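Just so we're clear, the structure is a prediction, and the values are computed from it rather than from any experiment. Just the heavy atoms: all of them, side chains too, but no hydrogens, waters or symmetry mates, feed the values below.
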Amino acid sequence: MSEPDADSYALRSARLAEVAAPDLPYQPPAPRHYRPRIGVIGAGGIVSAHLDAYRTAGWEVAAICNRTLAKASAKAAEFAPKARVTDRWQDVIDDPSIDVVDITPHPADRLPLLEAALSAGKHVLSQKPFVLDLAEGQRLVDLAREKGVKLAVNQNGRWAPHLSWMREAVRAGLVGDVVGAHVDIHWNHGWIAGTPFERIEDLILYDFGIHWFDFLRSVTGRRVTGVFATGSFASGQTAKAPLAAQVLLRLDGGQASLVFDGATPFGPRDTTYIAGTKGSLSSEGPDLGRQSVTLTTAEGIARPDLSGTWFNDGFRGAMRALLVAIETDTEPANGAAENLDSLALAFAAIQSRRTGAEVRPGAATRLVL
């Protein structure tokens, strides 16, 4: 029996021609005419990205609310000087001139705010992760439909240019059927030390990882049949929550994985690879904002020249998607109903990490932080 040659072992790769990258709609469309007045509830650190995105898009932020009034005032002074500031969220929801409410507090605090805003007939952009209970999330989805309003989730990573282009390439059929999808992130998430985030035991799989569960969901659909995850403390980390985690996902007809090395002080690296029956996609760079994407098919290698960055273009994209849905009366690209599937993957991973067993998506319906 003869041994395989070097090509069979992938010791050598064939040289491929450089070809033009296809023009894909990786940047979210903007509303044509709809210009709502936006109310923002919650003025924590991440809200600066929201407000900067809205300011550069030319959208009016009419009100900013925070239970510590000084924080709301500071955000208004920096990003929206004409905005009303208040420490009562009811003031925002009760204002008939406000069409859209961006609700940013943590999930447990956010739930009653989401329900109140939807009940008042407001369109809502919820911060991620959406909810702690899938049934509660479905109840909010049903309430939005009952009230005839749109409910979207701020999965801003969907519009990180590299992830968005790769997703659109998959949807366009450029790589055929996805047989492998793998994300490796190696960077320092130790900034959470001394913040409330380090009290979240499964922070990496939940608050951070939800971006990549959402991305995998967007390129594989409902093909995940099982989730197995582990987590650990990295040597030298000071944060109280584990900063290392990995997830293996069974796909119907393939496999996927996520690797998070969240305590990497030097040489950060972020890579994404998608293998398909007709081609592959890869993206690599030192961080989330600097990524080089390639598409490889039988025709050759294409390298799109992408514009924008995740922060703050991704936040502008999340609100754009909601506003377009309102204007066209369609489901938002980042709609809450679909996001429940992404959240189910995160819940399954967390339960697997805690039990040491593989978990079927949807079997873990509730998360206790």
Side-chain angles (χ1 to χ4, degrees), residues 22-41 49-51 53-63 92-93 95-104 114-115 117-128 130 137-161 163-173 214-215 217-219 221-222 306-308 310 312-343:
D23 185 15
L24 298 174
Y26 71 96
Q27 294 183 329
R32 292 186 177 182
H33 307 293
Y34 184 49
R35 295 292 183 270
R37 301 182 82 233
I38 299 171
V40 176
I41 299 178
H50 297 224
L51 294 172
Y54 304 162
R55 176 180 60 183
T56 55
W59 300 323
E60 180 186 0
V61 174
V92 178
I93 291 175
D95 187 339
S97 71
I98 290 177
D99 306 302
V100 176
V101 183
D102 180 0
I103 301 179
T104 71
L114 294 172
E115 184 169 14
L118 295 171
S119 296
K122 305 294 186 184
H123 304 289
V124 172
L125 180 66
S126 168
Q127 178 64 325
K128 60 80 196 168
F130 177 33
Q138 185 60 55
R139 185 173 62 81
L140 293 173
V141 168
D142 294 341
L143 177 61
R145 289 172 177 164
E146 176 189 333
K147 295 296 182 177
V149 294
K150 308 299 181 184
L151 174 59
V153 180
N154 194 359
Q155 291 287 173
N156 43 77
R158 284 196 172 207
W159 291 279
L163 296 180
S164 184
W165 199 90
M166 295 172 85
R167 181 186 66 247
E168 293 304 320
V170 170
R171 290 181 173 176
D214 186 67
F215 174 69
R217 168 68 176 81
S218 74
V219 297
R222 291 183 168 179
L306 304 180
S307 61
W310 185 329
N312 292 327
D313 294 315
F315 292 83
R316 190 159 42 251
M319 180 59 83
R320 270 186 172 187
L322 173 59
L323 300 187
V324 167
I326 296 169
E327 184 176 58
T328 59
D329 193 21
T330 55
E331 182 67 9
N334 51 343
E338 180 186 296
N339 190 253
L340 291 175
D341 290 334
S342 303
L343 205 54

Engineer: Show your reasoning for whether side-chain contact (heavy atoms from CB on, under 4.5 Å) applies to Leu143 and Glu146.
Structural biologist: CA-CA 5 Å; Leu143 177 61; Glu146 176 189 333; 4.2 Å; yes
Engineer: Leu323 vs Trp59, test: side-chain contact (heavy atoms from CB on, under 4.5 Å). Steps then yes/no.
Structural biologist: CA-CA 11 Å; Leu323 300 187; Trp59 300 323; 3.7 Å; yes
Engineer: Drop me the distance from Met319's CE to Asn334's CG, to the nearest 0.5 angstrom.
Structural biologist: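 So the CE of Met319 and the CG of Asn334 are separated by 9.5 Å.
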Engineer: Tell me, please, which residues at least two apart from Asp95 pass side chain to side chain contact (heavy atoms under 4.5 Å, CB included).
Structural biologist: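 With neighbours one apart ignored, the set is Arg37, Arg84, Ser97, Ile98.
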Engineer: Show the nearest heavy-atom pair for residues Leu151 and Val141, with the distance to one decimal.
Structural biologist: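 It is CD2-N, 4.1 Å.
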Engineer: Closest approach of Arg145 and Ala337, non-hydrogen atoms and distance?
Structural biologist: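 Nearest heavy atoms, Arg145 then Ala337: NH2-CB, 3.7 Å.
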Engineer: Going by side-chain contact (heavy atoms from CB on, under 4.5 Å), Pro31 matches just one of Thr328, Ile326, Val324. Which one?
Structural biologist: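 Passing option: Val324.
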Engineer: Could you tell me whether the side chain of Asp214 and the main chain of Ser342 form a donor-acceptor pair under 3.5 Å?
Structural biologist: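 Between the backbone of Ser342 and the side chain of Asp214 there is no qualifying donor-acceptor contact (under 3.5 Å).
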Engineer: Indicate yes or no for a side-chain donor-acceptor contact from Arg158 to the backbone of Ala333 under 3.5 Å, with no hydrogens or angles considered.
Structural biologist: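 Such a contact is found between Arg158 side chain and Ala333 backbone.
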Engineer: On a heavy-atom basis, which atom in Ala325 and which in Glu331 lie closest, and how many Å separate them?
Structural biologist: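 Of all heavy-atom pairs spanning Ala325 and Glu331, the closest is CB-C, 4.0 Å.
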Engineer: Which atoms form the tightest heavy-atom contact between Arg139 and Glu115, and what is the distance?
Structural biologist: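 Shortest heavy-atom contact: NH1-OE2, 2.8 Å.
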Engineer: As an exercise, state the distance from CD1 of Ile103 to CD1 of Ile93, rounded to the nearest 0.5 Å.
Structural biologist: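 These two atoms lie 5.5 Å from each other.
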Engineer: Taking Ser307's backbone N and O only, do any of them form a donor-acceptor pair with Tyr26's side chain (distance below 3.5 Å, no angle check)?
Structural biologist: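 Side chain of Tyr26 to backbone of Ser307: a pair is present.
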Engineer: Distance check, rounded to the nearest 0.5 Å: Thr104 atom OG1 versus His50 atom NE2?
Structural biologist: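 With rounding to 0.5 Å, OG1 (Thr104) is 6.5 Å from NE2 (His50).
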Engineer: Between Trp165 and Pro22, which heavy-atom pair has the shortest distance, and what is it?
Structural biologist: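 Minimum heavy-atom contact is CZ2-O, 3.7 Å.
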Engineer: Ignoring hydrogens, what is the shortest heavy-atom contact between Pro161 and Leu306? Give both atom names and the distance.
Structural biologist: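 Result for this residue pair: O-CD1, 3.6 Å.
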Engineer: So, using side chain to side chain contact (heavy atoms under 4.5 Å, CB included) as the criterion, who are the partners of Asp341 when residues are at least two apart?
Structural biologist: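 Asp341: side chain to side chain contact (heavy atoms under 4.5 Å, CB included) contacts with Arg217, Arg222.
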Engineer: Side chains of Asp313 and Trp159: do they bring a donor and an acceptor to under 3.5 Å?
Structural biologist: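 No, no side-chain donor-acceptor contact under 3.5 Å.
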Engineer: Once you round to the nearest 0.5 Å, how far does CZ of Arg316 lie from CG of Asn156?
Structural biologist: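 Separation between the atoms: 12.0 Å.
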Engineer: Please report the interatomic distance CD(Gln138) to CG(Leu340), rounded to the nearest 0.5 Å.
Structural biologist: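 One finds 6.0 Å between CD of Gln138 and CG of Leu340.
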Engineer: To the nearest 0.5 Å, how far apart are CD1 in Ile38 and CD in Glu60?
Structural biologist: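 One gets 8.5 Å once the value is rounded to the nearest 0.5 Å.
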